[in-house]
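First comes the structure, then the notes that go with it.
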Amino acid sequence: MTSEHTPEPAVAERDAPSRRPRRVRRGALAAVAAGALVALGGCAKDAPQDVFQPSGEGARRINDLQVPVFIAAGVVGVLVAIAVITVILRFRRRPGDERVPAQIHGNTVLEVGWTILPALILVCVAVPTVALVIDMADTPDEAIEVDVVGQQWWWEFTYPENGIITSGELVIPVDTDVVLNITSRDVVHSFWVPRLNGKRDAAPNRIHQLTLRAEETGEFWGQCTEFCGLSHANMRLRAVVLSQADYQTWVENQLKPAEVPEEGTSAFAGYEAFGQRCASCHSITGQPIQPADVPLVSGVAPNLTHFMSRTTFAGAMYDLKREDCAVEPELPTGTPVECLNRQDLEAWLRDPSSLKPMVPGDQRGMPTLGLTEADITALVDYLSTLK
Ligand code: CUA
């Protein structure tokens, strides 16, 4: 190295102290902005899956516990943050200051204090939490039972008392205990309707119970909360809470078998196409449309007997009802024919995986059947008769 080059490192050294703090400050600012963005991302007004707006007994009891715990944790968190920042700013080492701070060893009063106080806070949180967990594990003796089965990527609901079978939408009466017997046909899923109660895992070969008691009528959104493969995020559900009278009307309608459409109509063509192309997986109670040479795989796909009594399809991912349609359904819940979202339903029949990622080649999800446009129109006409 020649002497001509020696001034360069000196310049770099001179610049370094002024540049680094600016870069650090910019980095800190970016980190704070990113943190704020993530925190604000959790804010939403009237979010349909807001645990802080309970509408069920279980969710309300959980909320009554979590609010005071969050307040206590928040106060502790803020105090600790203030203490840490104060100590960093006040006692930091300043340039040119070579002094060594006073060296202390132990302080019995402080140490006993900061051991006992957090322990007391933890006891205050733990006692009601454990009590509630134990209490909520109890199931009531008098209740409507619903068997809930998770499957990649939709939920099936069977009412053992009367044989009703539906999917995507769990219909229950208000102010009534409903005990869910939750399991899975394949991998582990988790059932959660945040505004009604906490989560419960759906594990194959096991039954986990969860009690719902809705305190108001309405539609409450839920979804699978255990990662279960490609369309985990699309494994949604709705809990439809009806008044006692509306629930009875819904039950009576669900118990009716589906009617065969009149011969010669487009719906009848759809009925025949359904038997040939769909009935190896989907069943329609009361219709012997199963072709003899195709084995019916029980429970492989949603039962569609009362398809139009729902308001969603494809694992409650798509609206069956067009948003711009104001016609009220004849029944307490469902989609009036005039409001049918034909566009999405036809697109679903044309190529399901383009609307919801699935692995049909591996028996997970609905396959693309290569239906003709005439078949698709006829099938939708048929499905719209299934009230
Ligand atoms: Cu099922 Cu995630």
Side-chain angles (χ1 to χ4, degrees), residues 38 41-42 44 47-51 56 58-59 62 136 145-160 164-172 178-212 219-241 281-283 297-304 307 310-320 344 348 351-368:
V38 170
Q49 299 188 160
D50 187 353
V51 289
I62 292 170
M136 285 183 66
E145 277 196 43
V146 182
D147 296 338
V148 178
V149 183
Q151 182 174 335
Q152 290 169 321
W153 289 276
W154 57 286
W155 293 99
E156 182 173 77
F157 306 104
T158 308
Y159 298 64
I164 290 174
I165 179 165
T166 181
S167 64
E169 290 169 31
L170 168 70
V171 180
I172 56 172
V178 179
V179 172
L180 307 179
N181 302 310
I182 302 169
T183 188
S184 164
R185 284 205 184 95
D186 38 44
V187 299
V188 178
H189 304 273
S190 184
F191 180 93
W192 195 28
V193 181
R195 292 186 59 189
L196 296 186
N197 204 344
K199 306 173 181 182
R200 195 69 89 236
D201 273 2
N205 301 316
R206 286 183 69 91
I207 290 174
H208 295 153
Q209 291 188 312
L210 179 73
T211 307
L212 298 185
E219 204 176 67
F220 302 98
W221 295 25
Q223 70 179 78
C224 178
T225 56
E226 179 69 48
F227 181 69
C228 57
L230 191 59
S231 253
H232 156 69
N234 303 319
M235 189 169 165
R236 304 185 191 171
L237 73 124
R238 301 277 165 93
V240 181
V241 180
C281 298
H282 291 280
S283 37
V297 185
S298 167
V300 80
N303 181 305
L304 299 174
F307 182 63
R310 306 169 195 169
T311 55
T312 59
F313 69 100
M317 194 185 170
Y318 286 92
D319 284 324
L320 195 56
D344 284 345
W348 173 256
D351 183 13
S353 287
S354 69
L355 269 72
K356 174 176 174 177
M358 294 178 290
V359 200
D362 202 11
Q363 306 293 317
R364 287 179 289 157
M366 174 151 153
T368 299

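All residue numbers refer to positions in the sequence shown, counting from 1. Note that ligands are numbered from 1 as they come in the structure, with each ligand's atoms numbered from 1 the same way. All values reported here derive from a predicted model rather than from experimental measurement.
Using modelled atom types, one side-chain atom of Trp153 and one backbone atom of Cys228 make a donor-acceptor pair closer than 3.5 Å. Judged purely by atom type and a 3.5 angstrom limit, Glu145 has no side-chain atom pairing as donor or acceptor with the backbone of Pro160. Under the 3.5 Å distance criterion, the side-chain polar atoms of Asn303 are left unmatched by any main-chain donor or acceptor of Ser167. Not one N or O on the side chain of Ser190 forms a donor-acceptor pair closer than 3.5 Å with the backbone of Cys224.
Remark: Gln363 CD is loosely packed, at most 12 non-hydrogen atoms of other residues, nucleotides or ligands lying under 6.0 Å away.
The nearest N, O or S atom of Cys228 is closer to atom 1 (Cu) of ligand 1 than 2.8 Å. Residue contacts to atom 1 (Cu) of ligand 1: Met235 brings an N, O or S atom closer than 2.8 Å.
Taking atom 2 (Cu) of ligand 1 as the apex, the angle formed with SG of Cys224 and O of Glu226 is 90°, to the nearest 10 degrees.
Counting just the N/O/S atoms of His232, the one with the shortest distance to atom 2 (Cu) of ligand 1 is named ND1. Distances from atom 1 (Cu) of ligand 1 to the N/O/S atoms of His189 are shortest for ND1.
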